[in-house]
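Structure first, commentary second.
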Amino acid sequence: MDYPDRRLHVAVLLMLARPKLSDEQTDWAREFFLNCRDPVRFAALADRSFSSPFVMRHSRRIGLEYAAGGLFKRMSHSAVVLAGQNLLLVAEQSAFHQQCVLPVTERYVYLKGPAAAQEYYRDLGLRISRDIDIIVHREDYEPLLRRAWSLGFMPLLSPAKDLEISDERDFQALLKYSTNHIVLRTPWGKRVEVHVEVDSKVRIPASAFLDGRNRVRIDTQDYSIPSINCFFTYLCLHHTRHYFSRAQWVADLAAVSTNPDFSRFDAERFAEAHGLGDIVASCLSFSDYCERPWLWINENPEGEAGSLLNYC
């Protein structure tokens, strides 16, 4: 493996962000770890992209414990810290759901976050999330926000500055001027984004998320999540806008597309119905590239999938 180190490091992380490895993938990763020339730099890149949990999932199979520079110990520590943060978010979601959502509405879905981790990863510590996203029916939006506010979930006037509202006038301003969501800070300092639409461009309307919902159980609590085709199309749209700059966004493509309920044909048909067929097709091809980095490590693949790979 005689490639520029950074390009090689990224290629390895992309490949390892998938549920299972083939023998060819395992051999390619093992060769990298046995000959890693800059383990400190590799570990730093893994930390920045939240890749450590995915690398550790395959650690025995790829021989990570034999890598130089204490790489196994460092990545193991990072994975444990991230998993702990994720479990705290699970507790936050449970409290918000029981105290704020259930007393107000059944017309909701959770996006990404712990619910998606449970459904598509079967491991709450693996798919890292930093906040909770929920879509609710427009009629339930204000009642839910008011209940949350009364229970100490503070609406933020400026999430970037962590500036909370101070009175009813601020609350009314948020309702009037927020384009599609309002951010709440939980009593324990986490963030909850309460949406009436996923984004301002409304490529996929809220009704598409709220219709045909699925259920997932975490511990003893059931949560509603979008149908798999709607969710996958949303992931492709959202993650492309962020240039697949985090490992969990790359991993989501593989985790959902390898789920037994996933149909590539049905997903593309749903996407085409919402004007997103090209994006979904490109993301599927991009995910295919991530599986076999040895095919492109020495070149720049062309087309939309190649552009996604280069941006990533």
Side-chain angles (χ1 to χ4, degrees), residues 3 6-22 24-26 28-29 32-33 42-59 61-62 64 75 78-79 82-83 86 111-114 116-131 133 228 231-259 262 264 267 271 276 278-297 300-301 303-312:
Y3 317 112
R6 181 173 177 80
R7 186 174 176 85
L8 177 58
H9 292 176
V10 173
V12 171
L13 292 175
L14 291 177
M15 188 186 70
L16 294 179
R18 52 195 331 94
K20 295 181 181 179
L21 299 179
S22 67
E24 188 174 21
Q25 290 166 332
T26 301
W28 202 79
F32 165 78
F33 285 111
F42 178 82
L45 179 61
D47 283 348
R48 288 198 302 274
S49 60
F50 301 143
S51 294
S52 298
F54 301 115
V55 177
M56 290 305 301
R57 172 171 51 182
H58 304 299
S59 59
R61 185 166 167 79
I62 62 181
L64 180 64
M75 298 195 74
S78 295
L82 290 172
N86 237 34
L111 290 172
K112 301 176 291 178
Q118 178 66 18
E119 177 70 3
Y120 295 107
Y121 291 88
R122 303 297 179 186
D123 186 336
L124 292 171
L126 188 61
R127 200 276 186 199
I128 305 306
S129 302
R130 291 182 288 184
D131 55 20
D133 291 89
I228 193 168
F231 183 58
F232 188 78
T233 302
Y234 160 73
L235 291 178
C236 292
L237 178 62
H238 175 271
H239 299 349
T240 298
R241 286 176 175 172
H242 291 280
Y243 302 106
F244 287 92
S245 55
R246 293 287 183 264
Q248 68 268 34
W249 295 340
V250 177
D252 283 344
L253 297 182
V256 178
S257 64
T258 57
N259 186 280
F262 182 81
R264 193 167 184 144
L276 296 168
D278 289 344
I279 288 179
V280 167
S282 297
C283 287
L284 285 165
S285 296
F286 163 71
S287 186
D288 291 341
Y289 275 133
C290 294
E291 290 185 27
R292 297 181 293 276
W294 54 87
L295 297 179
W296 52 263
I297 191 72
N300 291 317
E304 292 298 325
S307 296
L308 284 178
L309 184 66
N310 288 327
Y311 280 124
C312 172

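All values below were derived from every heavy atom in this structure, side-chain atoms included, with hydrogens, water molecules and symmetry-related copies excluded.
Here the closest non-hydrogen pair linking Ser49 and Gln248 is O-OE1, 4.0 Å. In this structure, Val256 and Phe262 approach most closely via the heavy-atom pair O-CB, 3.3 Å. Across all non-hydrogen atoms, the minimal contact from Pro301 to Asn310 is O-ND2, 4.2 Å. Considering all non-hydrogen atoms of both residues, Leu253 and Phe286 come closest at CD1-CD2, 3.7 Å. In this structure, Ala254 and Pro19 approach most closely via the heavy-atom pair CB-CD, 3.8 Å. Nearest heavy atom pair, residue Tyr289 against residue Trp296, reads O-NE1, 2.8 Å.
Aromatic ring pairs are classed by plane angle as parallel below 30°, tilted from 30° to 60° and perpendicular above 60°; the pair Tyr311 and Tyr243 is tilted. Note on ring orientation: taking the six-membered ring where Trp is involved, the planes of Trp28 and Trp294 are tilted (angle from 30° to 60°). Below 30°, between 30° and 60°, or above 60°: for Trp249 and His242 the angle between ring planes is between 30° and 60°, a tilted geometry.
Residues meeting the ring pair (Phe, Tyr, Trp, His ring centres under 6.0 Å) test with His58, sequence neighbours left out: none. For Ser52, the side chain to side chain donor-acceptor pair (under 3.5 Å) test picks out Asp47, with sequence neighbours left out. In terms of the ring pair (Phe, Tyr, Trp, His ring centres under 6.0 Å) criterion, residue partners of Tyr234 (sequence neighbours excluded) are, by chain and number, Phe209, His238. When the side chain to side chain contact (heavy atoms under 4.5 Å, CB included) test is applied to Thr233, the partners found at least two apart in sequence or on another chain are Ile204, Phe270, Ala271, Leu276, Val280.
For the atom pair CG of Leu8 and CG of Leu13, the computed distance is 9.5 Å after rounding to the nearest 0.5 Å. A distance of 10.0 Å separates OH of Tyr121 from CD1 of Ile128, quoted to the nearest 0.5 Å. In this structure, CG in Leu21 is found 6.0 Å from CE in Met15, a value given to the nearest 0.5 Å. A distance of 12.0 Å separates NE2 of His239 from CG of Leu308, quoted to the nearest 0.5 Å. Atom CG of Leu16 and atom CD1 of Ile62 lie 5.0 Å apart (nearest 0.5 Å).
Applying the salt bridge (Lys or Arg N to Asp or Glu O under 4.0 Å) test to every pair with at least one member in residues 242-251, sequence neighbours left out, gives no pairs at all. Among pairs with a residue in residues 279-296, those fulfilling salt bridge (Lys or Arg N to Asp or Glu O under 4.0 Å) read Arg18-Glu291, Arg264-Asp288, at least two apart in sequence or across chains.
Between Leu14 and Pro293 there is no side-chain heavy-atom pair separated by less than 4.5 Å. Leu235 is listed as a side-chain neighbour of Lys112, based on a closest heavy-atom distance under 4.5 Å. Contact of the Val12 side chain with the Phe42 side chain is registered, since non-hydrogen atoms from C-beta on lie closer than 4.5 Å.
A salt bridge links Asp252 to Arg127: at least one charged side-chain nitrogen sits closer than 4.0 Å to a carboxylate oxygen.
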Taking it one step at a time, do Arg6 and Leu45 satisfy side chain to side chain contact (heavy atoms under 4.5 Å, CB included)? CA-CA 9 Å; Arg6 181 173 177 80; Leu45 179 61; 4.0 Å; yes
Yes or no on side chain to side chain contact (heavy atoms under 4.5 Å, CB included) for Phe32 and His9, after CA distance, side-chain angles and deciding distance? CA-CA 9 Å; Phe32 165 78; His9 292 176; 3.6 Å; yes
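No side-chain donor-acceptor contact under 3.5 Å links Asn86 to the backbone of Leu82. Of the possible donor and acceptor atoms, none in the side chain of Ser287 sits under 3.5 Å from a partner among the backbone N and O of Cys283. The backbone N or O of Val55 lies less than 3.5 Å from no partner atom in the side chain of Ser59, so there is not a single donor-acceptor pair.
The number of heavy-atom neighbours closer than 6.0 Å to CG of Asp278, taken from other residues, nucleotides and ligands shown, is 12 or below.
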